[in-house]
K.L.:
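Take a look at this one; I'll ask things after.
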Amino acid sequence: LRDRRVRQALNYALDKERFVHEVYRGFATLERGQPIGPSTVGFHSSLEPYPYDPAQAKALLSAAGSPRLTLRFDVFVTSPEVRESAFLIQSQLAEVGVTLDLQVVTESTSYLDRLAGRLPRAELTTATLLSVPLLDAEPVLQWFRSTPPAGAPWLENPRFDAAVAAASTTLDPAARQVLLQQAMAELRADPAVLFLVQPQRVWAARGLTGVEPRPDNEPRPEILRRR
């Protein structure tokens, strides 16, 4: 996976609309080539999702010298949707010549040790990247620096590193937004993740006031009142 063409190919091989409709039953939106949503500081509005293009995926794999590839995929199941997504990824990648050895990890300590690199880490793994409650891209992007908060790096890209480092020390909001967007553009071009979907949480309430949509999708019980 050191060759960015392989990682690009994996993204082209996935039909993201199937995740929206088959896994999340319509309650999700496509990730636009970045692992954050529009309400988060650093979101790059000019980036687009990787299109579903199996032919392009196969061409990139062949150009990278990997027309047939076998990868281990560690899956830490935190919800039914994670399990369904893992099997859908496995089946779609098989269509372009990539075999996934799917390993379900059930014990959280083992999963965290693998994620941090304290135990042998798979080429692919599930992970939760949260920009809430800060609604800021920097905590997400820090994980992809060549010197991440923990473990071995997921990405080695000097331009990405420089943009994230500069954003972390820049106080001007407009300049910081530009730097975060530069980092997002690098991450899309040199992907360290499979860009899939942003799930939407659904909350139902009856007989309450103060139920308002929030950018972080979290309810605020302290402002809820009975009618």
K.L.:
Taking ring-ring contact (aromatic ring centres under 6.0 Å, His included) as the definition, give me every residue that meets it alongside F43, ordered by chain and number, with sequence neighbours left out.
P.N.:
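ring-ring contact (aromatic ring centres under 6.0 Å, His included) check on F43 returns nothing, list empty.
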K.L.:
May I ask whether V140 and V178 are part of the same hydrophobic cluster, defined by side-chain heavy atoms of I, L, V, M, F, W, Y residues being less than 4.5 angstrom apart, directly or through others?
P.N.:
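No, no single cluster joins them.
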K.L.:
Nearest 0.5 Å, what's the CG-CD distance between L112 and E107?
P.N.:
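Here the interatomic distance stands at 8.5 Å.
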K.L.:
Can you confirm whether V41 sits close enough to Q177 that some side-chain heavy atom of one is under 4.5 Å from a side-chain heavy atom of the other?
P.N.:
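Result yes, sub-4.5 Å side-chain heavy-atom pair found.
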K.L.:
Taking C-beta and beyond as the side chain, do S146 and F160 meet within less than 4.5 Å on heavy atoms?
P.N.:
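No. Closest side-chain heavy atoms not under 4.5 Å.
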K.L.:
Would you name the heavy atoms of Q8 and L60 that are closest together and state the gap between them?
P.N.:
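In this case the closest contact between Q8 and L60 is CB-CD1, 4.0 Å.
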K.L.:
Please check if the side chain of R25 supplies one atom and the backbone of V23 the other of a donor-acceptor pair under 3.5 Å.
P.N.:
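Yes.
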K.L.:
Measure across Q92 and D15 and return the closest heavy-atom pair with its distance rounded to 0.1 Å.
P.N.:
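Here Q92 and D15 meet closest at OE1-N, 2.8 Å.
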K.L.:
Within the 4.5 Å heavy-atom criterion, are L194 and N11 side-chain neighbours or not?
P.N.:
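With C-beta onward as the side chain, the pair touches.
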K.L.:
Closest heavy-atom contact between P139 and D136?
P.N.:
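Distance-wise, the nearest heavy atoms are CD-O, 3.2 Å.
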K.L.:
Evaluate the side-chain hydrogen bond (donor to acceptor under 3.5 Å, both in side chains) criterion for residues Q142 and E138: first the C-alpha distance (whole Å), next the side-chain angles of each, then the deciding distance (0.1 Å), finally the verdict.
P.N.:
CA-CA 6 Å; Q142 289 287 351; E138 188 180 335; 3.1 Å; yes
K.L.:
In terms of hydrophobic clusters joined by side-chain contacts under 4.5 Å, are L179 and L187 together?
P.N.:
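No: no chain of side-chain contacts under 4.5 Å links L179 to L187.
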K.L.:
Could you tell me which non-hydrogen atom of L155 sits nearest to which non-hydrogen atom of R7, and how far apart they are?
P.N.:
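Looking at all heavy atoms of both residues, the closest pair is CD1-NH1, 3.9 Å.
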K.L.:
Run the side-chain contact (heavy atoms from CB on, under 4.5 Å) test on L1 and L10 for me, step by step, so that the C-alpha distance in whole Å, both residues' side-chain angles and the decisive distance to 0.1 Å come before the verdict.
P.N.:
CA-CA 10 Å; L1 293 181; L10 300 184; 4.1 Å; yes
K.L.:
For R83, does the CZ atom have more than 12 heavy-atom neighbours from other residues, nucleotides or ligands under 6.0 Å away?
P.N.:
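No, the 6.0 Å shell around CZ holds no more than 12 heavy atoms from other groups.
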K.L.:
Just one of E123, R114, R121 clears the side-chain contact (heavy atoms from CB on, under 4.5 Å) bar with D74, so which one?
P.N.:
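Running side-chain contact (heavy atoms from CB on, under 4.5 Å) over E123, R114, R121 with D74 returns exactly one hit, R114.
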K.L.:
When the side chains of residues 47-59 are checked against the rest of the protein, which donor-acceptor pairs come out under 3.5 Å, sequence neighbours left out?
P.N.:
from: Y50; atom 1: OH; to: R188; atom 2: O; distance (Å): 2.5
from: D53; atom 1: OD1; to: A55; atom 2: N; distance (Å): 3.4
from: D53; atom 1: OD1; to: Q56; atom 2: N; distance (Å): 3.0

K.L.:
Measure the CZ-CG distance between R118 and D113 for me, rounded to the nearest 0.5 Å.
P.N.:
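Rounded to the nearest 0.5 Å, the CZ-CG separation comes to 4.5 Å.
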K.L.:
First locate atom CG of L88, then atom CD of E81, and finally report the distance between them rounded to the nearest 0.5 Å.
P.N.:
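So the gap between those two atoms works out to 13.0 Å.
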K.L.:
Under 4.5 Å between any side-chain heavy atoms of R159 and Q182, yes or no?
P.N.:
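No, too far: nothing below the 4.5 Å cut-off.
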K.L.:
Working note: L71 + L93, criterion side-chain contact (heavy atoms from CB on, under 4.5 Å); need CA distance, chi angles, decisive distance, verdict.
P.N.:
CA-CA 10 Å; L71 303 172; L93 292 187; 5.8 Å; no
K.L.:
Measuring only between side-chain heavy atoms, which start at C-beta, is P35 closer than 4.5 Å to M184?
P.N.:
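When only atoms from C-beta onward are counted, M184 and P35 do touch, with a gap below 4.5 Å.
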K.L.:
Can you measure from OG (S85) to CZ (R18) and round to the nearest 0.5 angstrom?
P.N.:
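That separation rounds to 11.5 Å.
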K.L.:
For the hydrophobic clusters of this structure (ILVMFWY residues joined by side-chain heavy atoms under 4.5 Å, transitively), does one cluster hold both F19 and F195?
P.N.:
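No; F195 is not reachable from F19 via cluster members.
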K.L.:
Can you tell me if R72 has over 12 outside heavy atoms packed within less than 6.0 Å of its CZ?
P.N.:
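Counting neighbours around CZ of R72, more than 12 heavy atoms of other residues, nucleotides or ligands fall under 6.0 Å, so yes.
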K.L.:
Which pair of heavy atoms, one from A137 and one from T40, lies closest together, and at what distance?
P.N.:
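So the minimum-distance heavy-atom pair works out to N-CG2, 3.5 Å.
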K.L.:
According to side chain to side chain donor-acceptor pair (under 3.5 Å), who are the partners of D3, at least two apart in sequence or on a separate chain?
P.N.:
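In terms of side chain to side chain donor-acceptor pair (under 3.5 Å), with neighbours along the sequence ignored, D3 is linked to R5.
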K.L.:
With a 4.5 Å limit on heavy-atom distance, are the side chains of F144 and N157 in contact?
P.N.:
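No; the side chains remain at least 4.5 Å from each other.
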K.L.:
Could you check W154 against T125 for side-chain contact (heavy atoms from CB on, under 4.5 Å), going step by step and ending with a plain yes or no?
P.N.:
CA-CA 11 Å; W154 295 97; T125 188; 3.3 Å; yes
K.L.:
Taking the six-membered ring for Trp, are Y111 and F76 parallel (under 30°), tilted (30 to 60°) or perpendicular (over 60°)?
P.N.:
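Rings of Y111 and F76: parallel, under 30°.
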K.L.:
Establish whether V105 and V82 are linked, either directly or via other cluster members, by ILVMFWY side-chain heavy-atom contacts under 4.5 Å.
P.N.:
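Each belongs to a different hydrophobic cluster.
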K.L.:
Minimum heavy-atom separation for Q181 and H44, please, with both atom names.
P.N.:
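Q181 and H44 have their closest heavy atoms at O-CD2, 3.1 Å.
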K.L.:
Within the structure provided, determine whether I89 and F73 are in side-chain contact (heavy-atom separation under 4.5 Å).
P.N.:
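In short, these two side chains touch, coming nearer than 4.5 Å.
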K.L.:
Applying side-chain contact (heavy atoms from CB on, under 4.5 Å) to V75 and V77, what does each step give before you reach the verdict?
P.N.:
CA-CA 6 Å; V75 180; V77 179; 4.0 Å; yes
K.L.:
Among the clusters formed by ILVMFWY side chains lying less than 4.5 Å apart, do L124 and V96 turn up in the same one?
P.N.:
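Both belong to a single hydrophobic cluster.
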K.L.:
Please check if the side chain of Q90 supplies one atom and the backbone of L100 the other of a donor-acceptor pair under 3.5 Å.
P.N.:
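Answer holds: yes.
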